[in-house]
Asker: 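One structure, as structure tokens, below. Some questions next.
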Amino acid sequence: MIEIKDLHKSYKMGSNSLHVLKGINFKVEEGELVAIMGSSGSGKSTLLNILGMLDGADSGEYTLDGVPIKNLSETKAAQYRNKFLGFIFQSFNLINYKSALENVALPLYYQKVPRKERQEKAMQYLEKVGLKPWAHHLPSELSGGQKQRVAIARAMAAEPKVLLADEPTGALDSKTSYEVMDLIQQINDEGNTILVVTHEEDIAHMCKRIVHLKDGVIVEDKKIEQVKAAQYV
Amino acid sequence: MFDRDVWQEIFNTIKTNKLRTFLTGFSVGWAIFILVMLLASVNGMQNGFLGQFNDDATNTIFIRPGTTSKAYGGFEAGRRIQLKNEDLEYVKQSFADDIEYLSARYYANVTARYKSETGSYNVQATHPDHQAIEKTLIMSGRYFNEADLINKAKVVVIGRKVAEDLFKKEDPLGKFVELNNLSFRVIGVFTDDGDDNAERGIYAPVSTYQRIYGNTNNINVIALTYNPTYDLAKALEFSGKLEDVMKRRHKIDPEDQAGLYVWNYAEAFDNISSFTAVLRGIGIGVGFLILVAGIVGIGNIMVFTIKERTKEIGVRKALGARPRQIINLVLLESIFITTLSGFIGLVFAWVILAAVGPMFQTPAFSNPSVNASTVITATIILIVAGVLAGLIPAMKAANVKPIVALSDK
Ligand SMILES: Nc1ncnc2c1ncn2[C@@H]1O[C@H](COP(=O)(O)OP(=O)(O)OP(=O)(O)O)[C@@H](O)[C@H]1O
Ligand SMILES: [Mg+2]
């Protein structure tokens, strides 16, 4: 599903440049649930941004579902993001003046799905994350866990090939974190490919594979026994 | 294009920036108010002009001979052109369908005497049709007719002022007045609203005067009105044809403007139209300049809100919004705010004009009003203004990098 070869990335800051990713080689198959770990500043977010086509690499190859990702125009990148990728953010990034339902429907809007259809579909996904009764509430009326579930529903609504989550539980307490992980595991069990950046060991162990980043290279990449989050909920 | 998402967006911007939106909206509304007032004033001027012209028949054409300024057809330049009765006949034959009324004018200066009163006046010797061409209003008696023309009757129709000067309190009808010592019977008195000068004139049959002046068949001017169903274009075409034909007949270079004038009211209308078009253009220009403040204001608010919403725009991009869609959204927002504010100004101007406009009824300025073309002009200007105001913010928005949405700093 995802294949990267010898990926390099550095940030220029004035006269000196900071080499953040120093040759990443990495492959993710369809249906995997991968945790990306590493200390702060190790380049986890940078890697995820590049995978999400939100940023470009300096060198190296990136193939997503067989499509080489290189020198994309803004418009093309937007199209690919819409079609291939779903994003889940640490701070949810819901649009505050839109109801839960409208937030979930937004990616479908950019897919030019007709209004009625996108409302129906958005409602299905809200139901899936257990928030149907909250469909018409604004984000400010929801708890952190509920917001993240709305964000997950939104990421799922466009039926992307890969879900990218940058510290999805970073702003949540442990109980809510497990609820969110339970949801992510369910989505993964349906065959979706998911990458989760996290600091927390317990969250990482709820994935099926852990990749360790250190100083811009992968220092460890192992398959693990998945801990089901459902037992803590 | 105009679905729920777009409207939500727009109302959210307005809601979060109520005061600022109101203030800049006000400056746009004010500019449009002034623009509409200016355009309405131009309309008022035009109405005034046209009202004045309506006094005379507006489908009038005069053919006046002159002196050639170019050599042509074997003739030297400087030849005086003289119109004759045959020219009138020729015009009548050639343009039977185009002509409504047709008359010659033969000018004479006379000293008029009645009893002990004397005065010097201009006589216009014409055909009976001239009454309709000049819209001469008969106060008492009648205008001369075909019979008078054929009989070369020594009858005159005198202006109201002439009657006052010569006849004092007496009724002039049926009395005899001496013009250059020849006796004429007064058969009518005419008036001309608002033009005392015209009322110091005397009309007589052209045949009578031509006989007095040695049986001449010279005439000074041919006056006519064309078919009143003609529109401006057709009227101009007709007078052009008339000019060509008459110039050919008198062997005048078609380019020679001095040899023969064909003066057409329609052309004067054309001139007024282009004059008011210039004024209208100036009005639009001035209105637009005032609007610039509003444009800058709205652009400013929007740059500000886009800065505040950088994150949201980043999220939208991460969700698959294309740059074009972001630009459209911002432009629509800007056009909406400007157009809405502008229409409020327009409605204000409209209401004020509807209340006050009918009070203006002077000759040069009458009933200034908002018409469809003013509304269309204002709308186009507002949309242009909206696009201009939204341009910089839209570009800023399109340049937002989606990474900012991901960086939770
Ligand atoms: N836009 C940028 N410009 C310059 N430097 C950057 C930029 N983004 C990240 N960096 C730097 O690159 C390095 C890697 O950053 P990155 O955000 O990928 O780390 P991370 O592993 O996600 O850390 P954290 O766990 O704190 O989120 C850091 O040193 C950071 O300061
Ligand atoms: Mg990070």
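In what follows, chains are A, B, ... by sequence order, proteins preceding strands, each numbered from 1. For the numbers below, each heavy atom of this structure counts, side chains included, while hydrogens, waters and symmetry mates do not. No experiment lies behind these values; they were computed from the predicted model shown.
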Asker: For the candidates A:Asn96, A:Thr75, A:Leu85, which exhibits the highest count of non-hydrogen atom pairs separated by less than 4.5 Å from chain B?
Answerer: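 If we count pairs closer than 4.5 Å to chain B, A:Thr75 comes out on top.
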Asker: Quick one, A:Glu159 with A:Tyr125, criterion side-chain hydrogen bond (donor to acceptor under 3.5 Å, both in side chains). Give me CA distance, side-chain angles, the key distance, then yes/no.
Answerer: CA-CA 10 Å; A:Glu159 289 167 0; A:Tyr125 280 98; 3.0 Å; yes
Asker: Select one option (side chain, backbone, both, neither) describing which atoms of A:Glu167 are under 4.5 Å from chain B's heavy atoms.
Answerer: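 For A:Glu167, neither part sits under 4.5 Å from chain B.
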Asker: So which part of B:Arg316 gets closer than 4.5 Å to some heavy atom of chain A, the side chain, the backbone, both or neither?
Answerer: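 Its backbone and side chain both get close to chain A.
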Asker: Would you tell me whether A:Gln111 and A:Asn82 have side-chain atoms, one donor and one acceptor, within less than 3.5 Å of each other?
Answerer: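 On atom types as modelled, these side chains qualify, holding a pair under 3.5 Å.
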Asker: Any idea which heavy atoms bring A:Leu101 and A:His136 closest together, and the distance?
Answerer: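 Heavy atoms only, the tightest pair is CD2-CE1, 3.8 Å.
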Asker: Under 3.5 Å, is there a donor on one side chain and an acceptor on the other for A:Asp58 and A:Ser10?
Answerer: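 Indeed, the side chains of A:Asp58 and A:Ser10 share at least one donor-acceptor pair under 3.5 Å.
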